[in-house]
Every structure is written in structure tokens, then in C-alpha cells.
Amino acid sequence: MEQFKTIEDIREKIKEYESYLARPTRALSHPTLYRKRDVQRGDVIIKGVRENDWFFSEDKKWVLPHDQIGLSFSSSWQHLKGIYKIKEKHNSGAAINVYWVLEKADLPKQMKFMPDKNKKGHFLLTITEPMTLFQLVQKLKIVAYRMSVMKDARKAL
């Protein structure tokens, strides 16, 4: 079993297989769901899902597919570093963990990663079929369960 001490160690190992997708998240927060403390004022959270991250029906009970709207992930070192700095700024003093998954991970049915057409190094975890908000939350919990974590990534980044 190998021990990874930095994101660079992980990046070198992953190059042998495929690319990684990562999300910096405040320590003690969920990697795919949000609490009020995890977002900026004005962001709407519905059952742990940030409204801006998904394409909702008018009644907010259904989430509709869109290949450019979904949960954000970094696929490059530069993008991850920039997002990490933003998280650090808005969570002063709190440790920031980096959760990561391989691009071709075994995702739940009706979910897939799509490259962001507007930002290099950015991917979106999207849905491919309409689903209820409850179904989305369950699938996001499954994704989170399968993610690896680098705790308090300050030293690694």
C-alpha cells in the first residue's frame, strides 16, 4: 500500500491510469452537499443541494439534465489551486480538505462528468435524465462515499 503525502504524489500516480477530478471543501463539511455555512449569502440551499449548481424545474422538486450545469470539479493543478485559494479566503482559519475521484469513476446511473466548455481544467458532475431532488441527493451521497480525501491540504498545495 502506498502513502501519498502531497497532491503531486497523487497526480504522478494517477497519470499511470487516468485523470483525477477534485473538490476543495471546508473541513467537517460534506464533499458533495452543502450547509448554510458552506455558501455565500444569497445562495439558496435545498436539502443540501445548492440551487445554482443544478437546473431545477419551476417547483424545485425535479432536477433536469443539462451538460453545462452541475457540481464543480477541478481537473488541473492550476484550476484546483485557484479554487482552493478562494475556499481558504472565505473560510478563514478553517482547514480545507481536497476530495478527489478518478474521471472514469463508477458513478451512479444517470450521472456523468462533462468538461466545462468555458473553463479549461474544470469539469461538471451532471445528470443525464430528469430525477427528483431526493434522488439527486442520494446519488451525491454515493459519489461522496467513493471519493478519496486529502485532509488539510495546506501542506500539499
Side-chain angles (χ1 to χ4, degrees), residues 4 7 10 14 18-76 79-119 121-154 156-157:
F4 301 112
I7 197 86
I10 294 168
I14 290 173
E18 56 189 307
S19 64
Y20 72 95
L21 297 164
R23 281 182 65 76
T25 303
R26 179 181 176 163
L28 305 177
S29 290
H30 197 272
T32 59
L33 298 172
Y34 294 94
R35 296 183 293 185
K36 288 216 185 263
R37 77 172 197 168
D38 299 326
V39 297
Q40 296 184 12
R41 270 190 203 109
D43 282 347
V44 177
I45 305 297
I46 308 166
K47 298 192 186 294
V49 174
R50 190 169 66 170
E51 184 180 19
N52 291 349
D53 287 343
W54 302 95
F55 186 49
F56 280 92
S57 63
E58 280 192 43
D59 63 6
K60 308 286 188 238
K61 292 181 181 176
W62 286 85
V63 184
L64 307 173
H66 193 293
D67 69 349
Q68 291 298 293
I69 299 176
L71 199 61
S72 294
F73 282 80
S74 297
S75 69
S76 74
H79 191 271
L80 175 61
K81 200 170 173 183
I83 299 299
Y84 184 89
K85 285 181 181 180
I86 291 169
K87 288 280 184 185
E88 246 184 348
K89 179 181 173 188
H90 290 288
N91 294 285
S92 129
I96 306 294
N97 299 335
V98 174
Y99 288 85
W100 61 276
V101 65
L102 296 178
E103 182 180 353
K104 292 185 175 44
D106 185 23
L107 294 175
K109 288 182 181 179
Q110 303 171 320
M111 296 190 100
K112 71 178 186 175
F113 284 111
M114 293 295 294
D116 187 333
K117 293 176 183 173
N118 300 317
K119 294 180 193 168
H122 185 237
F123 272 69
L124 299 159
L125 177 60
T126 65
I127 61 170
T128 59
E129 297 176 28
M131 64 181 67
T132 65
L133 179 57
F134 176 79
Q135 290 171 313
L136 176 63
V137 169
Q138 295 308 313
K139 290 175 188 299
L140 289 173
K141 287 179 181 179
I142 291 168
V143 170
Y145 179 75
R146 294 177 178 167
M147 294 174 83
S148 299
V149 63
M150 181 179 291
K151 295 189 178 202
D152 195 2
R154 282 180 274 210
L157 296 175

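Along the sequence shown, the residues carry numbers beginning at 1. Model, not experiment: these values are computed from the prediction.
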Chemist: Rounded to the nearest 0.5 Å, what separation is found between the CD1 atom of I142 and the CE atom of M111?
Modeler: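 It comes to 9.0 Å.
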Chemist: Is there a side chain to side chain contact (heavy atoms under 4.5 Å, CB included) between H30 and L140 once you walk through the steps?
Modeler: CA-CA 10 Å; H30 197 272; L140 289 173; 5.8 Å; no
Chemist: Start with the C-alpha distance between L64 and W54, add both sets of side-chain angles, then the distance that settles side chain to side chain contact (heavy atoms under 4.5 Å, CB included), and finish with yes or no.
Modeler: CA-CA 8 Å; L64 307 173; W54 302 95; over 6 Å; no
Chemist: Residues two or more places apart in sequence or in another chain: which of them pass side-chain hydrogen bond (donor to acceptor under 3.5 Å, both in side chains) with D106?
Modeler: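 Partners of D106 by the side-chain hydrogen bond (donor to acceptor under 3.5 Å, both in side chains) criterion come out as none, since no residue qualifies.
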Chemist: Indicate the atoms forming the closest heavy-atom contact of R146 with L107, along with that distance.
Modeler: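 Residues R146 and L107, closest heavy atoms: NH1-C, 4.0 Å.
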Chemist: Identify, with sequence neighbours excluded, every residue that meets ring-ring contact (aromatic ring centres under 6.0 Å, His included) alongside H66.
Modeler: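 Counting only residues at least two positions away or on another chain, H66 forms a ring-ring contact (aromatic ring centres under 6.0 Å, His included) with F55.
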Chemist: If I take atom CD from residue Q110 and atom NZ from residue K139, how far apart are they, to the nearest 0.5 angstrom?
Modeler: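 The CD atom of Q110 sits 4.5 Å away from the NZ atom of K139.
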Chemist: For a side chain to side chain contact (heavy atoms under 4.5 Å, CB included) check, start with the C-alpha distance between L124 and Q68, then their side-chain angles and the critical distance, and finish with the verdict.
Modeler: CA-CA 7 Å; L124 299 159; Q68 291 298 293; 4.3 Å; yes
Chemist: Find the distance between CG (D67) and NZ (K112) and round it off to the nearest 0.5 Å.
Modeler: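 If we round to the nearest 0.5 Å, D67:CG and K112:NZ are 7.5 Å apart.
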Chemist: Find out whether L28 and R37 are in side-chain contact, i.e. whether some heavy atom of one side chain is under 4.5 Å from a heavy atom of the other.
Modeler: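 With C-beta onward as the side chain, the pair touches.
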Chemist: Give the minimum heavy-atom separation between S29 and Y99, together with the two atoms involved.
Modeler: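 That would be O-OH, 4.0 Å.
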Chemist: Determine the minimum heavy-atom distance between R26 and A94, stating which atoms define it.
Modeler: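 Shortest heavy-atom contact: NE-CB, 3.9 Å.
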Chemist: With a cut-off of 3.5 Å and sequence neighbours excluded, list every side-chain donor-acceptor pair involving residues 131-138.
Modeler:
{"residue": "T132", "atom": "OG1", "partner": "Q135", "partner atom": "N", "Å": "3.1"}
{"residue": "T132", "atom": "OG1", "partner": "Q135", "partner atom": "OE1", "Å": "3.3"}
{"residue": "Q135", "atom": "OE1", "partner": "T132", "partner atom": "N", "Å": "2.7"}

Chemist: Would you say K85 has more than 12 foreign heavy atoms packed within less than 6.0 Å of its NZ?
Modeler: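 Not more than 12 within 6.0 Å, no.
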Chemist: Step by step, would you call V143 with L125 a side chain to side chain contact (heavy atoms under 4.5 Å, CB included)?
Modeler: CA-CA 10 Å; V143 170; L125 177 60; 4.1 Å; yes
Chemist: Is there a side-chain contact between Y34 and D43, using heavy atoms and a 4.5 Å cut-off?
Modeler: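 When only atoms from C-beta onward are counted, D43 and Y34 do not touch, as no gap falls below 4.5 Å.
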Chemist: Would you please name every residue forming a ring-ring contact (aromatic ring centres under 6.0 Å, His included) with F73, sequence neighbours left out?
Modeler: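 If we apply the ring-ring contact (aromatic ring centres under 6.0 Å, His included) test to F73, skipping adjacent residues, the hits are F113.
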Chemist: So which heavy atom on A27 is nearest to which on N97, and how close?
Modeler: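 Heavy atoms only, the tightest pair is CA-ND2, 3.6 Å.
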Chemist: Could you list the residues that satisfy side-chain hydrogen bond (donor to acceptor under 3.5 Å, both in side chains) with T25, not counting sequence neighbours?
Modeler: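 Residues passing side-chain hydrogen bond (donor to acceptor under 3.5 Å, both in side chains) with T25: none at all.
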Chemist: Tell me every residue that passes salt bridge (charged side-chain N to carboxylate O under 4.0 Å, His left out) with K109, counting only those two or more places apart in sequence or in another chain.
Modeler: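 If we apply the salt bridge (charged side-chain N to carboxylate O under 4.0 Å, His left out) test to K109, skipping adjacent residues, there are no hits.
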Chemist: At their closest point, which heavy atom of S74 faces which heavy atom of I83, and how far apart are they?
Modeler: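 Answer, listing the atom of S74 first, then I83: OG-CG1, 4.0 Å.
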Chemist: Do L80 and W100 have side chains that approach each other closer than 4.5 Å (heavy atoms only, starting at C-beta)?
Modeler: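 No, every pair of side-chain atoms sits at 4.5 Å or beyond.
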Chemist: So, taking the atom named CD1 in I86 and the one named CD1 in I96, what distance separates them when rounded to the nearest 0.5 Å?
Modeler: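 Result: 11.5 Å between the selected atoms.
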Chemist: Taking 4.0 angstrom as the limit, do R50 and D38 come out as a salt bridge?
Modeler: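 No, R50 and D38 are not salt-bridged.
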Chemist: Side chain of S75, backbone of F123: donor and acceptor closer than 3.5 Å?
Modeler: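 Answer holds: no.
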Chemist: Is any side-chain heavy atom of P65 closer than 4.5 Å to a side-chain heavy atom of T126?
Modeler: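 No - every pair of side-chain heavy atoms lies 4.5 Å or more apart.
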Chemist: Can you name the closest pair of heavy atoms from S72 and H122 and give their distance?
Modeler: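 The answer is OG-NE2, 3.1 Å.
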